[in-house]
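Note that the coordinates shown come from a computational prediction; the quantities given were computed from them, not determined experimentally. Below, all heavy atoms of this structure are taken into account, side chains as well, without hydrogens, waters or symmetry copies.
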Amino acid sequence: MFDEINSIFLDFDGTITKFDTVCTFFKTFAPSKWLDVEKDWIKGKINSKTCMQMQLNLIKNLTEEQFYNYLNSIELQDGFKDFCTIMQKHNKNIYIISDGFDFFIDYTLRKENLNIPFFTNKLKIEKENNYLKFNLFFDNEDKNCPLHLGCCKCKIAKMHTIENEKFIFAGDGLSDRCIASKANLLFAKNSLKAHCIENNMNFVEFNDFNDILNHLFLKKGMKNAGFRTKNAHRSADKRT
C-alpha cells in the first residue's frame with residue numbers, strides 16, 4: 001500500500017511531540033479550573049473552540065520569558081526527523097494537521113530546522129502590563145465538522161488529496177477520531193487507540209516514529225499491528 005500513497009497527515013501534540021503541548025501548557029500555567037473546562041469538552045457540553053478560549057482566558061500573569069522557556073522545552077518524538085527525511089526521499093507529501101496552536105507548531109519546527117506545511121488554529125498573542133494575553137482564531141474550521149473542532153482535519157485532508165486518493169494518518173487523541181476513520185493506513189496510540197478498539201477499526205499501534213518506519217519498511221518489530229482487542233489499556237483523552 002505504501003507505494004500507492006502520496007500524502008501523509010500527522011497530528012502534532014503527543015504524536016510529533018513527546019507530550020501534548022496544549023494540555024501541558026494549561027497544566028503548567030492555568031489554575032486547576034482548566035480541567036473542569038476540559039471535561040465539559042470531552043463530554044460534548046462545549047465545542048473545542050469554546051474550550052480552548054476559556055482555558056486561555058484562565059492564564060494570568062504569564063511573562064514572555066516563561067512562555068518562551070516553555071516553548072523551548074518541547075521535544076520531537078523519537079525518529080521524527082528520520083521519518084521526514086525518508087518520506088522526502090520517497091516523494092511523499094507530509095502535512096501536519098492539529099487542533100492546537102500555530103505558534104507552538106511554527107516555533108518548534110523552526111527550532112528543529114524543519115519545513116513542513118501545517119494547518120491549525122491561529123494563536124494571537126498580545127502584551128498587557130508586561131503579561132501575555134491570548135486569543136484564538138479558526139481559519140480552518142468547518143461548520144459541518146462532526147467533532148466541532150477549531151481545525152477540521154478531514155477538511156484539510158480533502159483539500160490536499162484528489163478523489164479516492166489513499167493516505168496515511170497518525171494520531172493519538174480525541175480530535176483525530178473523524179479523520180482516522182477515513183485513513184487507508186492508520187497509526188494510533190493513547191485515546192485514539194482505545195477509540196479504534198471500541199469501534200472495531202483497523203490500526204497499527206505505535207509509540208514513536210521508529211515504530212512507524214519499522215512497519216512501513218521492515219515489517220517487523222511492531223507488536224499487535226492492526227489488532228482489535230477489547231481489553232487494551234484505555235489512556236486518558238488527549239486533546240490534539
Side-chain angles (χ1 to χ4, degrees), residues 10-42 45-77 80-81 84 94-143 145 147-153 155-156 171-176 236-240:
L10 304 172
D11 170 54
F12 184 71
D13 289 289
T15 300
I16 290 175
T17 59
K18 289 191 175 182
F19 57 85
D20 188 313
T21 68
V22 174
C23 284
T24 305
F25 181 65
F26 293 136
K27 182 179 180 180
T28 304
F29 298 112
S32 60
K33 187 178 178 181
W34 81 270
L35 283 169
D36 296 327
V37 179
E38 188 83 358
K39 289 175 184 176
D40 285 344
W41 170 63
I42 292 171
K45 294 182 179 180
I46 56 175
N47 62 32
S48 174
K49 297 186 298 178
T50 301
C51 175
M52 287 188 287
Q53 188 60 65
M54 288 176 65
Q55 290 169 323
L56 285 169
N57 291 343
L58 291 171
I59 297 176
K60 309 292 184 184
N61 303 327
L62 177 63
T63 66
E64 193 169 27
E65 181 181 10
Q66 289 174 308
F67 181 64
Y68 281 99
N69 283 341
Y70 175 75
L71 293 179
N72 285 321
S73 75
I74 297 171
E75 295 182 85
L76 296 179
Q77 192 59 261
F80 180 65
K81 282 192 169 183
C84 292
I94 299 176
Y95 303 95
I96 297 171
I97 44 179
S98 168
D99 200 32
F101 304 149
D102 66 336
F103 203 100
F104 289 18
I105 298 174
D106 183 60
Y107 188 90
T108 302
L109 293 180
R110 288 176 183 274
K111 182 178 67 172
E112 299 291 344
N113 296 312
L114 292 170
N115 184 20
I116 304 170
F118 62 89
F119 304 87
T120 184
N121 306 309
K122 184 176 182 180
L123 184 67
K124 184 178 180 181
I125 304 172
E126 298 176 338
K127 189 181 289 188
E128 186 177 282
N129 298 325
N130 293 320
Y131 295 116
L132 302 184
K133 290 180 60 178
F134 304 94
N135 282 296
L136 270 182
F137 297 88
F138 306 98
D139 298 337
N140 297 302
E141 69 174 316
D142 184 340
K143 299 296 184 184
C145 176
L147 295 178
H148 307 290
L149 301 176
C151 176
C152 179
K153 299 186 178 185
K155 172 186 173 180
I156 301 302
D172 79 321
L174 195 156
S175 68
D176 300 319
D237 273 301
K238 301 294 183 182
R239 165 173 290 283
T240 53

For this session: Starting from the C-alpha separation in whole Å, work towards a yes-or-no answer on side chain to side chain contact (heavy atoms under 4.5 Å, CB included) for Asp99 and Met52.
Result: CA-CA 10 Å; Asp99 200 32; Met52 287 188 287; 3.9 Å; yes
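- Contact between Glu64 and Lys127 at its shortest, heavy atoms only, is OE1-NZ, 3.0 Å.
- Atom CD1 of Ile125 is separated from atom CG of Asn135 by 10.5 Å, given to the nearest 0.5 angstrom.
- Scanning all heavy atoms of the two residues, the minimum distance from Val37 to Cys51 falls at CG1-O, 3.7 Å.
- A donor-acceptor pair under 3.5 Å links the side-chain atoms of Thr120 to the main chain of Gly100, judged by distance alone.
- In this structure, the side chains of Leu76 and Ile16 come closer than 4.5 Å at one or more pairs of heavy atoms.
- Note that NZ of Lys39 is 10.5 Å distant from NZ of Lys45, once rounded to the nearest 0.5 Å.
- Side-chain contact between His148 and Ser48: absent, with no pair of heavy atoms (C-beta onward) separated by less than 4.5 Å.
- By the 4.5 Å heavy-atom criterion applied to side chains, Thr17 and Phe104 are not counted as neighbours.
- The environment of Asn69 atom CG is dense: over 12 non-hydrogen atoms of other residues, nucleotides or ligands sit within 6.0 angstrom.
- Annotation: side chain of Tyr107 is not in contact with side chain of Phe67 (no heavy-atom distance under 4.5 Å).
- When only modelled atom types and interatomic distance are considered, Asn121 and Asn140 share no side-chain donor-acceptor pair under 3.5 Å.
- From Asn61, atom CG reaches atom CG of Asn129 across 9.5 Å, with rounding to the nearest 0.5 Å.
- Side-chain atoms of Asp20 do not come within 3.5 Å of backbone N or O of Gly14 as any donor-acceptor pair.
- Asp176 contributes a side-chain N or O that, together with a main-chain N or O of Gly173, makes up a donor-acceptor pair within less than 3.5 Å.
- Scanning both residues, Cys151 and Ser98, for their nearest heavy atoms gives CB-O, 3.3 Å.
- In this structure, the side chains of Lys153 and Ser175 come closer than 4.5 Å at one or more pairs of heavy atoms.
- When the shell of 6.0 Å around NZ of Lys81 is examined, it contains more than 12 heavy atoms from other residues, nucleotides or ligands.
- Note: Ile74 CD1 to Lys18 NZ = 13.0 Å, rounded to the nearest 0.5 Å.
- Between Thr24 and Tyr70, some side-chain heavy-atom pair lies under the 4.5 Å cut-off.
- Nearest heavy-atom pair across Ile59 and Leu62 is CG2-CB, 3.9 Å.
- Counting non-hydrogen atoms of other residues, nucleotides and ligands closer than 6.0 Å to NZ of Lys111 gives a total above 12.
- A heavy-atom distance below 4.5 Å is not found between the side chains of Cys23 and Asp13.
- Using a distance-only test at 3.5 Å, with no hydrogens or angles considered, a donor-acceptor pair links the side chain of Gln55 to the main chain of Trp34.
- Here Phe26 contributes atom CZ and Glu38 contributes atom CD; the two are 8.0 Å apart, rounded to the nearest 0.5 Å.
- For the side-chain contact (heavy atoms from CB on, under 4.5 Å) with Ile96, the qualifying choice from Leu114, Leu109, Thr108 is Leu109, the only one to do so.
- The backbone N or O of Asn57 lies less than 3.5 Å from a partner atom in the side chain of Lys60, making a donor-acceptor pair.
- Lys122 is not listed as a side-chain neighbour of Lys124, based on a closest heavy-atom distance of 4.5 Å or more.
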Exercise. Stepwise, does the side chain to side chain contact (heavy atoms under 4.5 Å, CB included) test hold for Thr21 with Phe101?
Worked result: CA-CA 9 Å; Thr21 68; Phe101 304 149; over 6 Å; no
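- Gln53 places a side-chain N or O within 3.5 Å of a backbone atom of Leu136 that can act as its donor or acceptor partner.
- The two residues Phe29 and Gln66 make their nearest non-hydrogen contact at CZ-O, 3.9 Å.
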Problem set entry | Test ring pair (Phe, Tyr, Trp, His ring centres under 6.0 Å) applied to Phe134 and Phe25, step by step | CA-CA 13 Å; Phe134 304 94; Phe25 181 65; 5.8 Å; yes
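- Note that CG of Asp139 is 11.5 Å distant from CZ of Phe119, once rounded to the nearest 0.5 Å.
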